[in-house]
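Notes for the one structure printed next.
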Amino acid sequence: MWATTRSRLPRYGRDVTDTVLTAAHDSLLELTADSPGDVRLASPFVSLPVATTLAARAASSPVSWSLLTNLDPVAIANGYLSPNGLRRLLDAGVAVRSHPSLHAKVYLAGSRGMTGSGNLTHAGLGVGSKPNLELSVMLAQDQVKAAEVAFDGWWNASVVVNEATLGDAEAHARKVPTVVPPSPPPGRANVAQVAAELLAEARHVNLWAKAVYGDAEANWEGDDLWIASSKRGRPTFAPGDLVLIYAKDLHVCDAIVEITAEAIWAPDIIAEDRPQEDADRWPWLNWVRGRLWVASIDGIAPADLGFTPQGLQGGHRRLDLAEFAAAVRHFAGDSVQ
């Protein structure tokens with residue numbers, strides 16, 4: 001999907017023969033590796049996986065790092081911008097600011113730079129399970145200097161991002177109105193409608209990711225379904241909570257279910273469908289109803305949401321609103337930007 005070639009692109013009425021079209025993900029990593037000068041990044045959307053990679057790089061870098069983004073509650077509510085990703089960057093020593101009008105995607109490191117259409121997300125950088133069609137261009141030296149001037153101007157007009165501003169943005173994200181498509185005829189609910197309903201509900205309940213076992217495609221349709229948890233302690237799922245299902249043996253998240261009852265100790269019920277050893281190992285049962293599910297080929301990898309399967313060794317973990325929203329949009333066919 002990416003072309004790596006020399007091109008003649010017009011700039012200010014003249015040709016630039018040293019401009020290179022390039023694959024954004026690889027070039028961004030190369031650009032920020034052992035940078036001889038300060039790193040300046042501008043992107044309105046930032047995902048947790050990309051932020052985690054950049055934070056690790058910034059933490060060991062001898063130069064200063066800055067990120068300019070747009071701390072927009074709508075972007076957070078819809079999974080385009082990860083507050084936890086920004087927290088990881090802040091913890092790594094990256095200075096983060098927000099400008100409400102930011103739309104540019106420009107990445108500078110010392111005397112080198114690149115710009116294009118791709119945000120700091122896996123899909124925006126051309127990787128992940130559903131990459132976007134994006135274009136990035138390596139900048140010539142005079143273009144880098146011009147971009148630095150523009151970046152510094154934006155930076156000086158922006159506001160500092162810290163835990164207080166992040167918390168405020170997350171609170172506003174939970175109040176963002178969601179437009180739910182008109183209800184279709186009975187029995188003909190469409191994915192877009194269900195996705196919009198889930199995004200609206202997600203603002204007001206706890207959100208989780210839960211690992212389940214089995215190498216077959218599951219059918220998460222109906223109200224009489226259940227998920228099982230380890231005997232190490234009663235799970236804290238509450239009725240109304242929404243759970244993203246990670247199919248461990250298929251290596252993807254492929255469903256969302258709603259908790260319909262408090263957990264009960266029920267190895268006998270579990271043993272009706274699973275081997276007794278499984279029932280003994282995971283005796284806590286929560287009844288759930290299926291809300292949205294896709295074939296595994298259309299599922300999303302945990303890495304594209306910012307966590308690893310190892311992070312579910314206890315069976316489940318909390319999700320933030322941005323992570324959950326990214327999964328919902330992926331299921332509905334809208335890839336993570």
Exercise for review: Check the pair Leu242, Leu198 against side-chain contact (heavy atoms from CB on, under 4.5 Å), reporting the backbone distance first and the verdict last.
Suggested key: CA-CA 8 Å; Leu242 297 173; Leu198 287 170; 4.0 Å; yes
Practice item. Could you check if a side-chain atom of Thr115 sits within less than 4.5 angstrom of a side-chain atom of Leu108, using non-hydrogen atoms only? Key: no
Point to revise | side-chain contact (heavy atoms from CB on, under 4.5 Å) between Glu258 and Val243, intermediate numbers included | key: CA-CA 6 Å; Glu258 177 187 343; Val243 183; over 6 Å; no
Check your understanding: Looking only at heavy atoms, what is the nearest atom pair of Val63 and Ser35, with distance?
Key -> CG1-O, 3.7 Å
Review point. If you take all heavy atoms of His172 and Asp168, which pair is closest and at what distance?
Key: ND1-O, 2.8 Å
**Study point:** Close side-chain approach of Thr165 to Leu71, heavy-atom, < 4.5 Å
**Key:** yes
Review point. Can any side-chain N or O of Lys210 pair as donor or acceptor with the backbone N or O of Arg317 at less than 3.5 Å?
Key: no
Practice item. Output yes when a side-chain donor or acceptor of Asn286 lies under 3.5 Å from a complementary backbone atom of Ala261, and no otherwise. Key: yes
Check your understanding: Taking all non-hydrogen atoms of both residues, which atom of Arg234 and which atom of Ala263 are closest, and how far apart?
Key -> NH2-O, 2.9 Å
Check your understanding: Are the ring centres of Trp282 and Tyr213 closer than 6.0 Å?
Key -> yes
Exercise for review: Give the cluster check for Val96 versus Leu120: same hydrophobic cluster or not, with ILVMFWY residues linked at side-chain heavy-atom distances below 4.5 Å.
Suggested key: yes
Review point. Are Met138 and Leu29 connected in a single hydrophobic cluster, I mean Ile/Leu/Val/Met/Phe/Trp/Tyr linked by side-chain heavy atoms less than 4.5 Å apart?
Key: no
Point to revise | Nearest-0.5 Å distance that lies between atom OG in Ser136 and atom CG in Asp26 | key: 11.0 Å
Review point. With distance as the sole test, does Arg97 use its side chain to make a donor-acceptor pair with the main-chain N or O of Trp155 at under 3.5 Å?
Key: yes
Practice item. Examine distances only and state if a side-chain atom of Arg174 and a backbone atom of Arg203 form a donor-acceptor pair shorter than 3.5 Å. Key: yes
Check your understanding: Where do Val50 and His122 land on the side-chain contact (heavy atoms from CB on, under 4.5 Å) test, with the steps shown first?
Key -> CA-CA 7 Å; Val50 174; His122 271 178; 3.7 Å; yes
Check your understanding: For His99 and Trp154, what are the C-alpha separation, side-chain angles and deciding distance, and is it a ring-ring contact (aromatic ring centres under 6.0 Å, His included)?
Key -> CA-CA 7 Å; His99 195 294; Trp154 303 335; 8.0 Å; no
Check your understanding: Between Thr52 and Arg88, does any side-chain donor sit less than 3.5 Å from a side-chain acceptor?
Key -> yes
**Study point:** Atom NE2 of His103 with >12 non-hydrogen neighbours under 6.0 angstrom
**Key:** no
**Study point:** Reported CD-to-OG distance for the pair Glu134 and Ser117, which is rounded to 0.5 angstrom
**Key:** 3.5 Å
Check your understanding: Any donor and acceptor pair, going by atom type alone, linking the side chain of Asn119 with main-chain N or O of Ser43 inside 3.5 Å?
Key -> no
Point to revise | Flag, side chain of His330 to backbone of Gly299, donor-acceptor distance under 3.5 Å | key: yes
**Study point:** Sidechain-backbone polar pair: Glu323 side chain, Asp320 backbone, donor-acceptor under 3.5 Å
**Key:** yes
Study note, to complete from the structure: Output for pair (Leu321 CG, His204 NE2), nearest 0.5 Å, gives 10.0 Å
**Study point:** side chain to side chain contact (heavy atoms under 4.5 Å, CB included), paired with Ile245, selected from Val288, Asp254, Ile256
**Key:** Asp254
Check your understanding: Does Arg291 count as lying over the ring of Trp220, i.e. NZ or CZ under 6.0 Å from the six-ring centre, within 45 degrees of the axis?
Key -> no
Practice item. Provide the closest heavy-atom pair for Ala303 versus Pro49 in the form atom of the first, atom of the second, distance. Key: O-CG, 2.9 Å
Practice item. Please report the closest heavy-atom contact between Ala147 and Leu139, naming both atoms and the distance. Key: CB-CD1, 4.2 Å
Review point. Is the closest side-chain donor-acceptor distance between Asp224 and Trp287 under 3.5 Å?
Key: no
Exercise for review: To the nearest 0.5 angstrom, please state how far the CZ atom of Phe331 sits from the CG atom of Asp298.
Suggested key: 9.5 Å
Point to revise | Side chain to side chain, Asp278 and Pro275, heavy atoms closer than 4.5 Å | key: yes
Check your understanding: More than 12 foreign heavy atoms under 6.0 Å from CD of Glu148: is that the case here?
Key -> yes
**Study point:** pair Trp284-Ser230: side-chain heavy atoms closer than 4.5 Å
**Key:** no
Exercise for review: Can you label the angle between the Phe45 ring and the Tyr80 ring as parallel, tilted or perpendicular, going by 30° and 60°?
Suggested key: parallel
Exercise for review: Might you confirm whether atom CG of Asp34 has over 12 heavy atoms from other residues, nucleotides or ligands at distances under 6.0 Å?
Suggested key: no
**Study point:** Side chains of Gln141 and Ser111 in contact at under 4.5 Å (non-hydrogen atoms)
**Key:** yes
Practice item. Could you check if a side-chain atom of Leu54 sits within less than 4.5 angstrom of a side-chain atom of Trp65, using non-hydrogen atoms only? Key: yes
Check your understanding: If we only count heavy atoms from C-beta on, is the Arg87 to Leu166 side-chain gap below 4.5 Å?
Key -> yes
Point to revise | Point-to-point distance, once rounded to the nearest 0.5 Å, from CG of Leu244 to CG of Leu292 | key: 10.0 Å
Practice item. Is it possible for you to say whether Trp208 and Val252 belong to one hydrophobic cluster, with membership spreading through side-chain heavy-atom contacts below 4.5 Å? Key: no
Exercise for review: Applying side-chain contact (heavy atoms from CB on, under 4.5 Å), run through Leu319 and Phe307 and close with a yes or a no.
Suggested key: CA-CA 9 Å; Leu319 293 177; Phe307 65 93; 3.9 Å; yes
Exercise for review: Please check if the side chain of Ser61 supplies one atom and the backbone of Ala58 the other of a donor-acceptor pair under 3.5 Å.
Suggested key: no
Point to revise | Check: Ala140 main-chain N/O paired with Gln143 side-chain donor or acceptor under 3.5 Å | key: yes
Practice item. List the atom of Arg112, the atom of Val144, and the distance in Å for their closest heavy-atom pair. Key: C-CG2, 3.8 Å
Check your understanding: Are Val94 and Val159 co-members of a hydrophobic cluster defined by side-chain heavy atoms under 4.5 Å apart?
Key -> no
**Study point:** Any donor-acceptor pair under 3.5 Å from Ser98 side chain to Val161 backbone
**Key:** no
Check your understanding: Between the side chains of Asn78 and Arg329, does any donor sit under 3.5 Å from an acceptor?
Key -> no
Exercise for review: Could you grab the distance from atom NE2 of His316 to atom CG of Asp241, nearest 0.5 Å is fine?
Suggested key: 10.5 Å
Review point. Is there a path from Val46 to Leu31 through hydrophobic residues (I, L, V, M, F, W, Y) whose side chains come within less than 4.5 Å of each other?
Key: yes
Review point. Any side-chain heavy-atom pair from Glu262 and Phe237 closer than 4.5 angstrom?
Key: no
Exercise for review: May I ask you to check whether Arg40 and Ser66 show a side-chain donor-acceptor distance below 3.5 Å?
Suggested key: no
